[in-house]
Asker: 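Here it is, the structure, as structure tokens.
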Amino acid sequence: MEKLYEGKAKIIYPTDDPQILLAEFKDDATAFNAQKRGTIAQKGIMNARISAALFQLLEQQGIATHYIDQPGDGQMRVKAVQIVPLEIIVRNVAAGSLCRQTGLEKGTVLPFPLVEFYYKNDELGDPLLTRDRVLILNLASLNQLEQLQTKALGINTQLKTFFADCGITLVDFKLEFGLDQEQNLLLADEISPDTCRLWDQQETDPNARVMDKDRFREDLGNVETAYQQVQTRILSQLETLSL
Ligand code: UDP
């Protein structure tokens, strides 16, 4: 089948229905704006399953997503949307670029969830934006920005609680949204250990607790095992919620 688009972690194919696309999740892993490359065995299958589970959970809580179903391993059928070129990052605990840019100590619990907008633009290295930069660049309207902020905070509330019930701290994560034909903002892309920082609450050691792509970024080892562990905990927690 002819590819519509190939990104760093997924390939998008058209389907017979122009309103529906097929996303195939890849095992390829990149970090530091694709300067570091590798593969994580079974990642495509695991991330598709994890994302599908989390999208279903969020849909149950009344959050509109692009998710339709999973036709096969590593695959997801999604509603065709026009992706808003913003990476929306929500943080509960300081880590990564927040520590590098502000000097906050890694692990500091933030007094309230921090929502940040980054420009989804590889050439520019995904820079941090301000509200007025978003408006000047015409990346979203003021009304859409407010909706994105509200949706991101609502998603954080749901996911933080869900992950805590899995014994995992949701440190931070990245969201992308898209507009459907009626201009509704739908949660799109993926939510997986590639796009979240997840810390095992049973571990106190700062390396041992990492259950996400930082294991790959920082060469901590046991990347596949960590992703598997996230998948197992999420799926068994969803079963107890009978979802
Ligand atoms: N993130 C992502 N894609 C990006 C940038 C960040 O999924 O292009 C996720 C990342 O995995 C983390 C969160 O967003 O869970 C915050 O990332 P941060 O800004 O701290 O960037 P980093 O330290 O990875 O450069």
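Not measured: the values here are computed from a predicted model. Read the numbers this way: they start at 1 and go in the same order the structure lists the ligands and their atoms.
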Asker: Under the side-chain hydrogen bond (donor to acceptor under 3.5 Å, both in side chains) criterion, do Asp194 and Tyr227 qualify, and how do the steps go?
Answerer: CA-CA 9 Å; Asp194 271 11; Tyr227 278 54; 2.5 Å; yes
Asker: Numbering the atoms of ligand 1 from 1, which are under 4.0 Å from a heavy atom of Asp194?
Answerer: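 Heavy-atom distances to Asp194 below 4.0 Å select 7 (O), 11 (O).
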Asker: Could you tell me whether Cys196 approaches ligand 1 through its side chain, its backbone, both or neither, with non-hydrogen atoms closer than 4.0 Å?
Answerer: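 Near ligand 1, Cys196 shows its backbone, while the atoms from C-beta on stay back.
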Asker: Numbering the atoms of ligand 1 from 1, which are under 4.0 Å from a heavy atom of Asp126?
Answerer: 8 (O)
Asker: Name each donor-acceptor pair under 3.5 Å that joins a side chain in residues 235-243 to protein atoms two or more places apart or in another chain, with its distance.
Answerer:
unit_1, atom_1, unit_2, atom_2, d
Ser236, OG, Thr232, O, 3.1
Ser236, OG, Arg233, O, 3.3
Thr240, OG1, Gln237, O, 2.6

Asker: For Arg91, which part has a heavy atom under 4.0 Å from ligand 1: side chain, backbone, both, or neither?
Answerer: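 Side chain only.
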Asker: Determine whether Phe162 and Leu54 make a side-chain contact, defined as any pair of heavy atoms from C-beta on separated by less than 4.5 Å.
Answerer: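 Yes; the side chains approach each other to less than 4.5 Å.
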Asker: Using a strict cut-off of 4.0 Å, indicate which atoms of ligand 1 neighbour a heavy atom of Asp172.
Answerer: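 Contacts of ligand 1 toward Asp172, numbered from 1: 12 (C), 13 (C), 15 (O), 16 (C).
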Asker: Going by the atom numbers of ligand 1, which of them fall below 4.0 Å from some non-hydrogen atom of Arg217?
Answerer: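 By the 4.0 Å cutoff, the relevant atoms are 10 (C), 11 (O), 24 (O).
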Asker: I'd like to check which ligand 1 atoms, numbered from 1 as shown, lie under 4.0 Å from a non-hydrogen atom of Gly96.
Answerer: 20 (O), 23 (O)
Asker: Just to confirm my output: which protein heavy-atom neighbour is closest to atom 3 (N) of ligand 1, and how far is it?
Answerer: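 Heavy-atom neighbour on the protein nearest atom 3 (N) of ligand 1: Lys174 CE, 3.7 Å.
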Asker: If we only count heavy atoms from C-beta on, is the Phe173 to Ile155 side-chain gap below 4.5 Å?
Answerer: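 Yes - at least one pair of side-chain heavy atoms lies under 4.5 Å apart.
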Asker: Hey, which of Leu198, Thr161, Val90 is the one that makes side chain to side chain contact (heavy atoms under 4.5 Å, CB included) with Leu170?
Answerer: Leu198
Asker: Taking the six-membered ring of Phe216 (Phe, Tyr or Trp), confirm whether the NZ or CZ of Lys36 is under 6.0 Å from its centre and within 45° of its axis.
Answerer: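 Geometry flag: set, cation within 6.0 Å and 45°.
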Asker: Under the side chain to side chain contact (heavy atoms under 4.5 Å, CB included) test against Tyr118, which residue among Ile89, Leu124, Leu129 passes?
Answerer: Ile89
Asker: Considering only the protein, which heavy-atom contact is closest to atom 25 (O) of ligand 1, and what is its distance?
Answerer: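 I find the closest protein heavy atom is Arg100 NH2, 3.0 Å.
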Asker: Ion pair present between Asp69 and Arg77, side-chain N to carboxylate O less than 4.0 angstrom?
Answerer: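 Looking at Arg77 together with Asp69, the answer is yes, because their closest N to O distance falls below 4.0 Å.
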Asker: Among all protein non-hydrogen atoms, which one is nearest to atom 22 (P) of ligand 1, and what is the separation to 0.1 Å?
Answerer: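 Of the protein heavy atoms, Arg197 NH2, 3.6 Å lies nearest.
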Asker: What protein heavy atom sits nearest atom 21 (O) of ligand 1, and how far off is it?
Answerer: Ser97 OG, 3.9 Å
Asker: Among all protein heavy atoms, pick out the one at the shortest distance from atom 6 (C) of ligand 1; state its residue, atom name and that distance to 0.1 Å.
Answerer: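 For atom 6 (C) of ligand 1, the nearest protein heavy atom is Ile89 CD1, 3.8 Å.
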Asker: Can you tell me which residue and heavy atom of the protein come closest to atom 8 (O) of ligand 1, and the distance to 0.1 Å?
Answerer: Glu87 OE1, 3.0 Å
Asker: Salt bridge (Lys or Arg N to Asp or Glu O under 4.0 Å) with Glu190: which of Lys10, Lys43, Lys174?
Answerer: Lys10
